[in-house]
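What follows is a set of notes on a single structure, which appears directly below.
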2 protein chains.
Amino acid sequence: MHRLGDIGERVAITLILKHLEKMPYMPVPFGDDVSAYPIGGEELLVLKTDMLIDKTDVPESMSLWQAARKAVVMNVSDFAAKGVKPLGALVSLGLPARITRKELEDIAEGLNAGAREYDVYILGGDTNEASDLVISIAMFGTARKDALMLRSGAKPGDVVAVTGFFGKTSAGLKVLLEGFKAPKSVHDVLVEAVLMPKARLKEGLALSTSGAVTAAIDSSDGLAWSLYEIGKASNVGFVIDNVPVAYEAARFAEVNGLDPFELAFYGGEEYELVLTVKSELWNRANKAVKQVGGTLIRIGRVVAQKRVLLEFEGKKRVIEPRGWEHFRRHRE
Amino acid sequence: MHRLGDIGERVAITLILKHLEKMPYMPVPFGDDVSAYPIGGEELLVLKTDMLIDKTDVPESMSLWQAARKAVVMNVSDFAAKGVKPLGALVSLGLPARITRKELEDIAEGLNAGAREYDVYILGGDTNEASDLVISIAMFGTARKDALMLRSGAKPGDVVAVTGFFGKTSAGLKVLLEGFKAPKSVHDVLVEAVLMPKARLKEGLALSTSGAVTAAIDSSDGLAWSLYEIGKASNVGFVIDNVPVAYEAARFAEVNGLDPFELAFYGGEEYELVLTVKSELWNRANKAVKQVGGTLIRIGRVVAQKRVLLEFEGKKRVIEPRGWEHFRRHRE
């Protein structure tokens, strides 16, 4: 008998989708980061739901305020990746009976803080008794159909880029969960990356407006996994020749004798955007992100061969499609 | 230290709302059954989220297919009460690792069945590992602002009405959970009311179109509670002179020596609509519901005094504001 603990989250989703009748015209296919519904003309209602559960998503040192804020931010990040401004959110809470009044207020403040940080309002919700703390967010916005950045438009020859450096959350999680030591100079940055993630919303909106992006996703399941997801949806592969390792992650790796590339490619809960850009419009994309105070880092190029190949210092290495996945007892 | 198990769900919601910054213009206030966001002209995006959790919402004899279907239906019911056609839904699942592949497929089929029964499509979602089975639905539709039936428009002199007879689910739950016996002739109807609830969507849409309704809610927390909720939002009270006890509930009460009014007023998980109608437009409302094959039952009138008074066979009795509530160890 196959139980969920063995089959994994991604197989579970495939099984579920098999039984759902598809709306005849779906502006965004199942499997992308958001859902959409046509509301007249070229306008789409864009929706997303994502659930945070304390026992799998919240390290012990994360406060309830931080956990609630993060539940909102991880939804905002998917809107950022699609280039859509989120407008409002509903919150459905599952609350253990042991939760105190003070803890409940911390959760409410964290939800509000996460929303207002991105100019979103919480418009309603629902509370229930549960064994775990469950924070389920449903977020919405509207967008013109042609402004949406899907996973599926990457073409060979496009530039691959990211909005920041990688590896901080994987290092931070090793500090918080596995007892690794971090040099004093970088410790707080690594831990902060885990506890107070930021969504790249202004970058995502600027990129959408630039019209230069062919595909995008956020890196919440890790850089390697995100590349493979774009690859699968766009039917392409990647050659990566510039690995965007964060300075702090590199220092942490050095001191602990770890592979910095491993930290950068296979982290998770890191909310950078991973995107592909028409090469002739690279300057336009780059300028758009700079204008809102962000950074766009070119890390490689899109190719026809469906794999992620790392070319670095004259050596080639295939980056495996591994990423964080719930249900499975171990990472794949 | 006040814990959730002591303070109850409704106090919890008040605590949460205290910390949420309100959107400057809220077309539907916090505390009504749905949320809304203006999307241009008089048009509103209408949204609702409601979560089903196996350990509190699912009797043992309810199948996973039925539980998943019910999670959708209870959201549709709130759209029915507001007179809004739901268009699509997102589903966020918390799944225990013990769930089998077959059980997961049953859940997916139940979700799809509940949605398609009301012409809704499931457009996306999210899965997570959790201790409980958690089915969180976020549903949306659009409506003209003036077509929305809120809780807040009831006026003294209005007629109070419901869309069906009450007490079947409370009797059914007594059979399923407390070992009560039901006469053979009504047993299946009572149990079916619990396992396969229906939302009064066509009635709600017809009532909205009639323009005769001043306030509405569904009866998911019980008839008494629903009346008090309209009363609180509209600043009115009610005199009830016709108690709509379902025949099957009356038979069950008779055989078991129970008060049929108790079953009718204090049940829960019963998805009738409870509404107030301008008295001069009663015929119009009645006709609108008949035309879609439904029934509208007049049960009393709206009064200024803020309580629910039962006048029956010359006797008066105040109906207390009791209803089903999570978190509390017992009903209030």
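Given the structure is predicted, the values throughout are model-derived calculations rather than measurements. We use all heavy atoms of the structure for the numbers below, so side chains are in, but hydrogens, waters and symmetry mates are not. Chain naming here is simple, since letters A, B, ... match the order of the sequence lines and numbering starts at 1 in each.
The main-chain N or O of Leu133(A) is found under 3.5 Å from a side-chain atom of Asp54(A) such that the two form a donor-acceptor pair. Put simply, the side chain of Arg69(B) never gets that close to the backbone of Glu109(B): no donor and acceptor are under 3.5 Å apart. In this structure, the side chain of Thr127(A) does not engage the main chain of Leu93(A) through any donor-acceptor pair within 3.5 Å. No donor-acceptor pair under 3.5 Å is formed between the side chain of Asp218(A) and the backbone N or O of Val274(A). A distance-only check finds a donor-acceptor pair linking the side chain of Glu103(B) to the backbone of Thr100(B) [under 3.5 Å]. A donor-acceptor contact shorter than 3.5 Å is absent between the side chain of Ser152(A) and the backbone of Ala233(A).
Only the side chain of Leu45(B) comes within contact range of chain A, judged by heavy atoms closer than 4.5 Å. Neither the backbone nor the side chain of Val28(B) comes within contact range of chain A, judged by heavy atoms closer than 4.5 Å. Contact annotation for Ala115(A): neither backbone nor side-chain heavy atoms come within less than 4.5 Å of a heavy atom of chain B. Only the side chain of Met26(A) comes within contact range of chain B, judged by heavy atoms closer than 4.5 Å. With a threshold of 4.5 angstrom between heavy atoms, Ile53(A) approaches chain B through side-chain atoms but not through N, CA, C or O. Looking at Ile107(A), there are no atoms closer than 4.5 Å to chain B (heavy atoms on both sides), in backbone or side chain. Only the backbone of Lys22(A) comes within contact range of chain B, judged by heavy atoms closer than 4.5 Å. Only the side chain of Arg116(A) comes within contact range of chain B, with heavy atoms under 4.5 Å apart. At a 4.5 Å heavy-atom cutoff, the contact between Leu47(B) and chain A is made by backbone and side-chain atoms alike.
Per-residue counts of heavy-atom pairs under 4.5 Å with chain B were compared for Gly124(A), Ala138(A), Ser92(A); the largest is that of Ser92(A). Heavy-atom pairs under 4.5 Å with chain A peak, among Pro24(B), Gly88(B), Gly40(B), at Pro24(B). With respect to chain A, the highest number of heavy-atom pairs below 4.5 Å among Asp32(B), Leu17(B), Asp50(B) belongs to Asp50(B). The candidate with the highest count of non-hydrogen atom pairs below 4.5 Å against chain B, out of Leu87(A), Val134(A), Leu111(A), Val91(A), is Leu87(A).
Residues Ser136(A) and Ser136(B) bring a donor and an acceptor atom of their side chains to less than 3.5 Å of each other. No side-chain donor-acceptor contact under 3.5 Å links Thr49(A) and Asp126(B).
Residues Asp33(B) and Arg151(B) are paired through a salt bridge, judged by an N-O separation under 4.0 Å between the basic side chain and the carboxylate.
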